[in-house]
Amino acid sequence: MVGFVIPSTPISLDHWKYSPGVNIYFLSHLHSDHSEGLRPSFRYGSIYCSSTTRRLLLERYQLDPSLVITINPGETRSVSLDDFDKEKLSVTAIDANHCPGSLMFLLEAYFGTVLYTGDFRYESGILDVNLLQNKIIDHIYLDNTYCHPKFQFPKRLIRQRPQQNCLK
Ligand SMILES: [Zn+2]
């Protein structure tokens, strides 16, 4: 399992174990290491993911569709962090260039500015998006599994592949 809960917040990133007080979940993509523990009986809160991931998620887990909220690359949403609508979270989705529908999340709230990469594939220019311009990121949760010169991957010729490859 690769995800976690941001300490002292109701926010969970690719983490699917019940945690008291947590009710805002972000799913970067549907690979098994990022969805481990997610069950059809999930009722702990809302799940934010891309429209591609949502479609796959509902098909695979038969979740209540009202719990799964779409946020697509380039989109920013405001999410209430409490029952009184006083504390707000601004979340922006950024294409992770990993598998179809995969996202990075830029979170901005009282705890600062956090970038959660999930799995992403860095290529020149991928982070040159207006969404990150003039941002000071306080915390970055970076998946650097293959971030070593000994790993050489060919450049992608096609940016988005057919969705049937996404669940492998
Ligand atoms: Zn992955």
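For the pair Leu81/Lys88, no side-chain contact is recorded, criterion being any heavy-atom separation below 4.5 Å from C-beta on. Between Thr9 and Phe111 the shortest side-chain heavy-atom distance falls below 4.5 Å.
The closest side-chain donor-acceptor pair between Asn72 and Ser50, if any, does not fall under 3.5 angstrom.
With Trp16 contributing its side chain and Phe42 its backbone, the two residues share no donor-acceptor pair below 3.5 Å. Side-chain N or O atoms of Arg77 include one that pairs as donor or acceptor with a backbone N or O of Thr70 at under 3.5 Å. Not a single donor-acceptor pair under 3.5 Å links the side chain of Asn97 to the backbone N or O of Phe120. A side-chain donor-acceptor contact under 3.5 Å links Ser80 to the backbone of Asp82. With hydrogens and angles disregarded, no donor-acceptor distance shorter than 3.5 Å links the side chain of Ser19 to the backbone of Val22. A donor-acceptor contact shorter than 3.5 Å links the side chain of Arg54 to the backbone of Val68.
Relative ring orientation between Tyr25 and Tyr44 is described as tilted, the plane-to-plane angle lying within the 30° to 60° band. Between His31 and His98, the two ring planes are perpendicular [angle over 60°; tilted spans 30° to 60°]. Using cut-offs of 30° and 60° for the angle between ring planes, the Phe4 and Tyr116 rings count as perpendicular. Taking the six-membered ring for Trp and thresholds of 30 and 60 degrees, Tyr141 and His139 have nearly parallel ring planes, at less than 30 degrees apart.
For the residue pair Cys49 and Leu103, the shortest heavy atom distance occurs at C-CD1, 4.1 Å.
Hydrophobic clustering (ILVMFWY, side-chain heavy atoms < 4.5 Å, transitive): Ile140 and Ile94 are in one cluster. Linking ILVMFWY side-chain heavy atoms closer than 4.5 Å, directly or via other members, places Ile71 and Ile47 in two distinct hydrophobic clusters. Cluster annotation: Phe26 and Tyr110 are assigned to the same hydrophobic cluster (Ile/Leu/Val/Met/Phe/Trp/Tyr, side-chain heavy-atom contacts under 4.5 Å, transitive).
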- Message: Could you go through Ile11 and Asn23, starting from their C-alpha distance and side-chain angles, then the distance that decides it, and tell me whether this counts as side-chain contact (heavy atoms from CB on, under 4.5 Å)?
- Response: CA-CA 7 Å; Ile11 301 168; Asn23 61 4; over 6 Å; no
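Each of Leu27, Ile69, Thr53 was evaluated against Tyr48; a single residue qualifies, Ile69, per the side chain to side chain contact (heavy atoms under 4.5 Å, CB included) test.
One finds the NE2 atom of His29 at 7.0 Å from the CG atom of Asp14 (value rounded to the nearest 0.5 Å).
No more than 12 heavy atoms of other residues, nucleotides or ligands lie within 6.0 Å of CZ in Phe84, so this atom counts as exposed by the packing criterion.
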